[in-house]
Amino acid sequence: MRGVRTAVNRVLLGLTGLLLLGTGGTVLLGGLDLPARWGLDLPSGWPWTGPDGVLLTAADRTRFTGRGWWWPAVIAALAVLAALLLWWLLAQLRRRRLGTVLVDSGDGTGATVRGRALEEALAAEAEAVPGVDRAGVVLTGRRTAPRLRALLRLAPHADPGTVLRRLSEGAVAHARTSAGLDELPAEVRLRAVRHRAERVS
């Protein structure tokens, strides 16, 4: 699935780049009056053949402006296009979870382990650390070089420094060793669990 998404992204980027390159080249060709300077014979319907050329004539631009449906349709189409582009941009910026992690099995071929299973094991071991109320773990990066992102919700009495040290020496070190990784970069965010104030009598 991830390979299909990557292929689709590359195709869309390639087509968008070709479209922009072709449009820019056509505008540049006409704006600098290169057909006349170089003696090029362009097709009869070619846009922007000279510095004064336009893509759409005044009649074409104003054909539907007097009709009531025109401007709402234009605004709706632009809004949909902007929403699609924003969604696609956010999808590219979002870090994707790893489906599998390549484990060094010692035989030269390696083995794979499900990313979700490794995340659950890391979260369970992190929650066993004293002072950690809940833990959420996500693996990103490449399957040969994973990266760890964790969100730890700390109990009111927890010491953040101690929690981070035990997490590094425990869950992260165990995952790195079991997967045969040279390193496992980790980004940890800490949040305190909200609790009601206790009444003292």
Side-chain angles (χ1 to χ4, degrees), residues 1-22 79-196:
M1 185 66 179
R2 188 176 180 183
V4 173
R5 291 176 182 171
T6 302
V8 170
N9 286 339
R10 289 177 178 174
V11 170
L12 288 176
L13 285 174
L15 291 177
T16 303
L18 287 176
L19 177 64
L20 293 175
L21 184 64
V80 170
L81 179 61
L84 287 175
L85 290 175
L86 181 61
W87 169 81
W88 181 73
L89 177 62
L90 292 176
Q92 306 314 304
L93 296 177
R94 186 179 57 199
R95 298 179 183 176
R96 303 204 178 276
R97 301 176 79 160
L98 279 181
T100 58
V101 176
L102 186 63
V103 178
D104 185 6
S105 57
D107 57 2
T109 58
T112 57
V113 62
R114 286 193 314 116
R116 188 61 62 91
L118 188 55
E119 290 173 355
E120 291 174 356
L122 280 163
E125 191 168 356
E127 288 178 353
V129 174
V132 177
D133 187 70
R134 279 176 294 173
V137 176
V138 174
L139 291 173
T140 61
R142 303 190 312 273
R143 67 178 197 152
T144 56
R147 302 177 67 87
L148 184 149
R149 287 191 300 145
L151 174 61
L152 305 182
R153 296 187 181 275
L154 304 183
H157 63 276
D159 176 45
T162 303
V163 169
L164 287 176
R165 188 182 71 255
R166 291 185 176 178
L167 180 69
S168 176
E169 296 174 352
V172 177
H174 295 160
R176 184 176 63 247
T177 303
S178 62
L181 299 171
D182 294 331
E183 60 179 11
L184 180 58
E187 175 188 333
V188 181
R189 295 185 180 181
L190 304 177
R191 289 185 183 174
V193 175
R194 295 174 181 255
H195 64 286
R196 294 181 179 179

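Remember, it's a predicted structure, so these values are computed and weren't measured experimentally.
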Note to self: Within this structure, what is the CG-OG1 distance for the pair L184 and T177, rounded to the nearest 0.5 Å?
What the structure shows: 10.0 Å
Notebook entry, point to check: Rounded to the nearest 0.5 Å, how far does CG of L167 lie from OG1 of T162?
Noted result: 12.5 Å
Note to self: Using modelled atom types and a 3.5 Å cut-off, is there a donor and acceptor pairing between side-chain atoms of S168 and backbone atoms of L164?
What the structure shows: no
Margin query: Does any part of the side chain of L139, heavy atoms only, come nearer than 4.5 Å to the side chain of L148, both counted from C-beta?
Written below: yes
Check: Do you know which two heavy atoms are closest between V129 and R166, and how far apart they sit?
Finding: CG1-CB, 3.9 Å
Item checked: L90 side, atom CG; L85 side, atom CG - distance, nearest 0.5 Å -> 11.0 Å
Notebook entry, point to check: Is the CZ atom of R165 crowded by more than 12 outside heavy atoms at less than 6.0 Å?
Noted result: yes
Check: How long is the span from the CG atom in L81 to the CG atom in L86, to the nearest 0.5 Å?
Finding: 11.0 Å
Checklist line | Nearest heavy atoms of H174 and E169, plus distance in Å | finding: NE2-O, 4.3 Å
Notebook entry, point to check: Taking all atoms of both residues into account, what is the closest heavy-atom pair of A126 and A171, and its distance?
Noted result: N-CB, 4.3 Å
Notebook entry, point to check: Considering all heavy atoms of both residues, which atom of P130 and which atom of V163 are nearest to each other, and what is their separation?
Noted result: O-CG2, 3.8 Å
Next item on the list: Over all heavy atoms of both residues, which pair between P185 and P146 is shortest? Give the atoms and the distance, please.
Entry: CD-O, 3.6 Å
Checklist line | Nearest-0.5 Å distance, CG of residue L152 to CZ of residue R191 | finding: 11.0 Å
Margin query: Main chain of A135, side chain of E127: is a donor-acceptor contact present, judged purely on distance under 3.5 Å?
Written below: yes
Check: Quick one: are V132 and L154 in side-chain contact, heavy atoms under 4.5 Å?
Finding: yes
Check: Looking at CZ of R189 and CZ of R153, how far apart are the two atoms once the value is rounded to the nearest 0.5 Å?
Finding: 12.0 Å
Next item on the list: Grab the two heavy atoms, one from A175 and one from L118, that are nearest each other, plus how far apart they are.
Entry: CB-CD1, 4.5 Å
